[in-house]
S.K.: 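I'd like to ask you about the structure that follows.
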Amino acid sequence: MFPNVLAFESKRMLRNFPPMFFGLVFPVMVLGIFGGIYGNDPSDLWDGLGTVDVSVPAYVGLVLAVAGLMSFPLGMVEYRSRGFLRRLRATPAQPSAFLTAQLLVNIVICVVGISLLIVVGTLVFGLHPPARPFAFAGIALLSGAAMFGIGLLIASVARDEQAALVIANLVYFPMIFLTGATVPLELMPGWMRKISDALPLTYAIESLQWAWLDRGDSIGVSLAVLGGTIVICAAAAARLFRWE
Amino acid sequence: MTEQAASGPFVDARDVTVRYGDLTAVDGVDLSATKGQVVGLIGPNGSGKTSLLSCIEGLRKPAGGTIRVGGFDPVTDRTRMTRIAGVQLQQMVYPPRATVEEMCRLFASFYPDPADHRELLDRFGLSEQRRSQVVKLSGGQQQRLSLVLALVNNPQVVFLDELTNGLDPAARRVVWDELRRRNDEGLTIVITSHYMEEVEYLCDRVNVLLKGRIVATGTPSELIREHAGDAARLVLDGSGGNRELRDSLTALGAGVQVRVAGQRLLLDVQPARRAEVDRVLAEHGSTPRDLPASLDDAYLNLTGQAAGSAASEADNVNVS
């Protein structure tokens, strides 16, 4: 049963333009633009680091955000608000199998999207390998969990597809523009950085860059924020999530 | 199958009560179907048909009562009950970006011994739509797909809520034939419908639900005999403009109702007045056509809606 559910959800994902484009193509496009303009030569802006080396870990955050904040919750709300989960309850199938399958499919999008960024970054723009590869993988996992946790919370509070779309957009766009995922924080005035400090993705990107670049700063606060996000979202979603 | 199922009704709902807040939607209703029986549930919108069915399908926990389907409790024994039951909900909803065949494969994968979905699609006239996305099908095609999905597990019983809603007459015939054939092979069928000819054609037994209670039950013929009323329904084709005839009939007074429907005169005649009416008609050289009493009449009388008879034909004339 579960392999069939997974196959079903995979085919539906392949036909779903927004998450495919914004998860797989868009981040590479952004990398192409900024990599093309600045290259990866050491830059004063980044204290001697290359633009591509700084950008790729940030765009990893972009991939995680689109899958976790948009694609995942919208898929769940789509099923629930249309009453398809109710129809499933009249079969021996478990609705949780569909939740799990959608989660897995979105994780695959993340893995492929991140791989594409790293491959294109390395082959085209001379991206340097990560300083702490295992820490990077672990932090990517933690950041992903935080984004999907927020996504699950969005799916829990949104009553219908329209509401989910509005909430997801309200969460997603500040996250991608004010956290360093697309526009470097270094370019922002102080008041904007105050907003950044309130957004979990900021901490994800900070710690992803820490692992990739071997920047000296401590990431204790970042990890605590990400862990806290996961715990709070999971607890709230457990209380608020409804199958129907 | 359990012993209980072998001895008692295959579908056995007793004293089922459903409440939405203060509103009692279903009020202590019994509904049963023996193995291989076709049972109909009719009643106006909001009479509790779908609420009752939802409980039997295991989608809603009733406020009171006991339900067994094939011996299984639909709520506590969901997995085993849903394996033997096929369900069509009143409003079928499909996930976006899935094809007809993918939906069939998915649903078939839920069951240990599914039917061949290609044959089912073929029988319900959906073979050519196999690769189409479900959300792009017409309403009638989506409705037929929901029947295919209700049958894909080779069920022993199906619950079909407004099964031919939105189907054209030809497609409706196909659905009736397919259900009849499966019923001959032992399938137990519970339906709701607003189409009385469908209920009359398919059902062994009909339950009339009104405001959450069953107000009548019986075979279609029994319901017609007992509840369609005694008035004879006569149609005089081409006499709609015959003022003289109309006035003579109207002059007969109580027990004779006269209505004009376009070119036609429609009469409701109580048995006691029939002889006089026939005399008047003979004087005018007019030959009436008798409308047989139908389940529509019984339904309308039972549910207290626009007490039926020739008036229902007048409605049909107006809309057609």
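Naming: A, B, ... by sequence-line order, numbering from 1 per chain.
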S.K.: Can you classify the ring geometry of F98(A) versus F110(B) as parallel (below 30°), tilted (30 to 60°) or perpendicular (above 60°)?
M.R.: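 Perpendicular, since the angle between the ring planes exceeds 60°.
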S.K.: Between S51(B) and Y20(B), do the side chains contain a donor N or O and an acceptor N or O under 3.5 Å apart?
M.R.: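 Indeed, the side chains of Y20(B) and S51(B) share at least one donor-acceptor pair under 3.5 Å.
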S.K.: Of the backbone (N, CA, C, O) and the side chain (C-beta and beyond), which part of F17(A) lies under 4.5 Å from a heavy atom of chain B, both, or neither?
M.R.: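 For F17(A), neither part sits under 4.5 Å from chain B.
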S.K.: Checking E198(B) against S193(B): is there a side-chain donor and acceptor pair closer than 3.5 Å?
M.R.: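 S193(B) vs E198(B): donor-acceptor pair found between side chains.
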S.K.: For F241(A), is the NZ or CZ atom of R80(A) found under 6.0 angstrom from the centre of its six-membered ring and inside 45 degrees of the ring axis?
M.R.: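 Pair R80(A)/F241(A) counts as cation-pi.
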S.K.: Going by atom types alone, do R172(B) and Y195(B) pair a side-chain donor with an acceptor below 3.5 Å?
M.R.: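 Present: a donor and an acceptor within the cut-off.
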S.K.: Just so I understand: if I count every heavy-atom pair under 4.5 Å between each of L88(A), N16(A), L14(A) and chain B, which residue has the most?
M.R.: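 The answer is N16(A).
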S.K.: Side chain, backbone, both or neither: which part of Q91(B) has a heavy atom under 4.5 Å from chain A?
M.R.: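 Answer is neither: Q91(B) stays 4.5 Å or more from chain A.
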S.K.: At a 4.5 Å cut-off on heavy atoms, which part of Y94(B) comes close to chain A: side chain, backbone, both, or neither?
M.R.: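 For Y94(B), the backbone is the part near chain A, not the side chain.
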S.K.: Check each atom of R83(B) against the heavy atoms of chain A and say whether the ones under 4.5 Å are side chain, backbone, both or neither.
M.R.: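 Both parts, backbone and side chain.
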S.K.: Quick one about H194(B) and N45(B) (side-chain donor to acceptor, distance below 3.5 Å, no hydrogens or angles considered), yes or no?
M.R.: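 Result is yes, a qualifying pair exists.
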S.K.: Can you tell which part of Y79(A) gets under 4.5 Å to a heavy atom of chain B, answering side chain, backbone, both or neither?
M.R.: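 When you check distances to chain B, only side chain atoms of Y79(A) fall under 4.5 Å.
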S.K.: With respect to T192(B), which candidate in N165(B), N207(B), D161(B) satisfies the side-chain hydrogen bond (donor to acceptor under 3.5 Å, both in side chains) definition?
M.R.: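 Exactly one candidate clears the test, D161(B).
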S.K.: Using a cut-off of under 4.5 Å on heavy-atom pairs, state which of T99(B), V87(B), L106(B) scores highest against chain A.
M.R.: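 Option with the greatest count: L106(B).
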S.K.: Side chain, backbone, both or neither: which part of L59(B) has a non-hydrogen atom closer than 4.5 Å to chain A?
M.R.: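 For L59(B), heavy atoms of backbone and side chain both lie under 4.5 Å from chain A.
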S.K.: Check each atom of M103(B) against the heavy atoms of chain A and say whether the ones under 4.5 Å are side chain, backbone, both or neither.
M.R.: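 Contact with chain A involves both backbone and side-chain atoms of M103(B).
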S.K.: Is it the backbone or the side chain of P96(B) that comes under 4.5 Å from a heavy atom of chain A, or both, or neither?
M.R.: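 Backbone plus side chain of P96(B), per the 4.5 Å heavy-atom cut-off to chain A.
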